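Treat the numbers as computed from the prediction; the structure is a model and nothing was measured.
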Amino acid sequence: GVTAGRCRADVTVTDLEELQELLAANIESNQHLVTGSVRAKVLKWGEDVAEFQPPPDYILMADCIYYEESLEPLLKTLKDLTGPDTCVLCCYEQRTVGKNPEIERKYFELLQADFELERIPLEKHDEEYRSADIHIVAIRRRR
């Protein structure tokens, strides 16, 4: 989120209440780099998102799909936050231990009921940071 703020974007970074202090410290430490704006807000998946309206142009998600009990609240929040023109960029590390493969499969299966997915091929990832186990998916509401 702070990186987007460096690119003249007006950004709201979100997390749970207990992580707001850390978000604020990160924003403060990088404020000299921001050419847009960056603010932190509490967002608990599954709860009301009225204060985040109108729908944003972009939602950047990273490492959000590892707990089965959070899938439904996350999907509800994505449905509530997105508008017809919102692009969600979801980045995640594919994990192969325990229930992670099943949780990942279930998330994308549920997501496709309301959203269209475009997997970004590895060759389009940044050369310095690309890795076969890191995936980026562009997600848009079904029309």
Side-chain angles (χ1 to χ4, degrees), residues 1-20 22-27 29-31 33-143:
V2 174
T3 300
R6 289 186 65 184
C7 300
R8 298 193 180 119
D10 294 320
V11 178
T12 302
V13 293
T14 64
D15 214 316
L16 299 173
E17 180 69 45
E18 56 267 23
L19 294 169
Q20 291 301 301
L22 183 60
L23 286 178
N26 190 12
I27 292 167
S29 294
N30 292 286
Q31 192 61 49
L33 301 171
V34 174
T35 57
S37 67
V38 181
R39 64 186 175 151
K41 281 187 153 184
V42 174
L43 177 62
K44 188 170 180 186
W45 297 338
E47 295 188 358
D48 183 48
V49 298
E51 69 180 285
F52 295 94
Q53 297 301 319
D57 296 324
Y58 292 92
I59 296 173
L60 307 176
M61 291 176 47
D63 297 324
C64 293
I65 56 173
Y66 301 116
Y67 301 107
E68 189 167 12
E69 60 275 1
S70 70
L71 294 183
E72 294 288 342
L74 173 57
L75 290 166
K76 178 187 182 327
T77 296
L78 282 176
K79 285 191 265 187
D80 293 347
L81 278 177
T82 55
D85 298 319
T86 303
C87 177
V88 179
L89 294 174
C90 174
C91 175
Y92 67 98
E93 180 180 356
Q94 188 171 31
R95 310 222 174 154
T96 58
V97 297
K99 292 183 74 176
N100 285 308
E102 177 62 23
I103 292 168
E104 181 184 319
R105 184 201 58 74
K106 182 177 179 182
Y107 171 74
F108 285 109
E109 181 180 292
L110 292 169
L111 188 68
Q112 289 181 71
D114 296 292
F115 294 90
E116 296 175 349
L117 313 177
E118 177 191 353
R119 297 188 187 277
I120 308 302
L122 189 61
E123 60 270 10
K124 290 191 174 185
H125 296 203
D126 183 279
E127 286 182 25
E128 184 175 347
Y129 299 105
R130 75 173 60 147
S131 173
D133 61 345
I134 303 293
H135 302 278
I136 303 172
V137 181
I139 302 166
R140 294 189 179 272
R141 290 293 298 257
R142 290 194 181 278
R143 301 238 181 229

Nearest heavy-atom neighbours spanning [X] and [Y]:
{"X": "Phe52", "Y": "Thr12", "result": "CE2-CG2, 3.9 Å"}
{"X": "Gln53", "Y": "Asp80", "result": "NE2-O, 3.2 Å"}
{"X": "Gly83", "Y": "Arg141", "result": "O-CG, 3.7 Å"}
{"X": "Thr14", "Y": "Leu23", "result": "C-CD1, 4.0 Å"}
{"X": "Ile103", "Y": "Leu71", "result": "O-CD1, 3.8 Å"}
{"X": "Cys64", "Y": "Ser70", "result": "O-OG, 4.3 Å"}

**Result of checking Thr82, Ile59, Leu89, Leu117 against Ile139 for side chain to side chain contact (heavy atoms under 4.5 Å, CB included)** =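 Exactly one option meets the side chain to side chain contact (heavy atoms under 4.5 Å, CB included) with Ile139, and it is Leu117.
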**Asked** So does Lys99 have more than 12 non-hydrogen atoms from other groups sitting under 6.0 Å from NZ?
**Response**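 Not more than 12 within 6.0 Å, no.
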**Item:** Flag if over 12 foreign heavy atoms under 6.0 Å of CZ, Arg8
**Value:**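 No, because the 6.0 Å sphere around CZ of Arg8 holds 12 heavy atoms or fewer from other groups.
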With rounding to the nearest 0.5 Å, note down the distance linking [atom1] in [X] to [atom2] in [Y].
{"X": "Leu122", "Y": "His135", "atom1": "CG", "atom2": "NE2", "answer": "8.5 Å"}
{"X": "Leu74", "Y": "Leu110", "atom1": "CG", "atom2": "CG", "answer": "10.5 Å"}
{"X": "Cys90", "Y": "Leu60", "atom1": "SG", "atom2": "CG", "answer": "10.5 Å"}
{"X": "Arg39", "Y": "Ile27", "atom1": "CZ", "atom2": "CD1", "answer": "10.0 Å"}
{"X": "Asn30", "Y": "Thr3", "atom1": "CG", "atom2": "OG1", "answer": "8.0 Å"}
{"X": "Ile120", "Y": "Ile134", "atom1": "CD1", "atom2": "CD1", "answer": "15.0 Å"}

Are any of the side-chain heavy atoms of [X] and [Y] separated by less than 4.5 Å?
{"X": "Val2", "Y": "Val11", "value": "no"}
{"X": "Arg130", "Y": "Lys124", "value": "no"}
{"X": "Tyr92", "Y": "Val137", "value": "yes"}
{"X": "Phe115", "Y": "Leu78", "value": "yes"}
{"X": "Leu43", "Y": "Leu81", "value": "yes"}

Any donor-acceptor pair under 3.5 Å from [X] side chain to [Y] backbone:
{"X": "Arg95", "Y": "Asp133", "value": "no"}
{"X": "Glu104", "Y": "Asn100", "value": "no"}
{"X": "Thr35", "Y": "Arg6", "value": "yes"}
{"X": "Thr77", "Y": "Gly46", "value": "yes"}
{"X": "His125", "Y": "Ala132", "value": "no"}
{"X": "Glu17", "Y": "Lys44", "value": "no"}
{"X": "Thr86", "Y": "Pro56", "value": "yes"}

**Prompt:** salt bridge (Lys or Arg N to Asp or Glu O under 4.0 Å) with Asp114: which of Arg143, Lys76, Lys79?
**Reply:**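 Testing each of Arg143, Lys76, Lys79 against Asp114, the sole residue satisfying salt bridge (Lys or Arg N to Asp or Glu O under 4.0 Å) is Lys79.
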**Prompt:** Can a salt bridge be assigned to the pair Lys106 and Glu109 using a cut-off of 4.0 Å between side-chain N and carboxylate O?
**Reply:**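 Between Glu109 and Lys106 there is no salt bridge, as every charged N stays at least 4.0 Å from the carboxylate O atoms.
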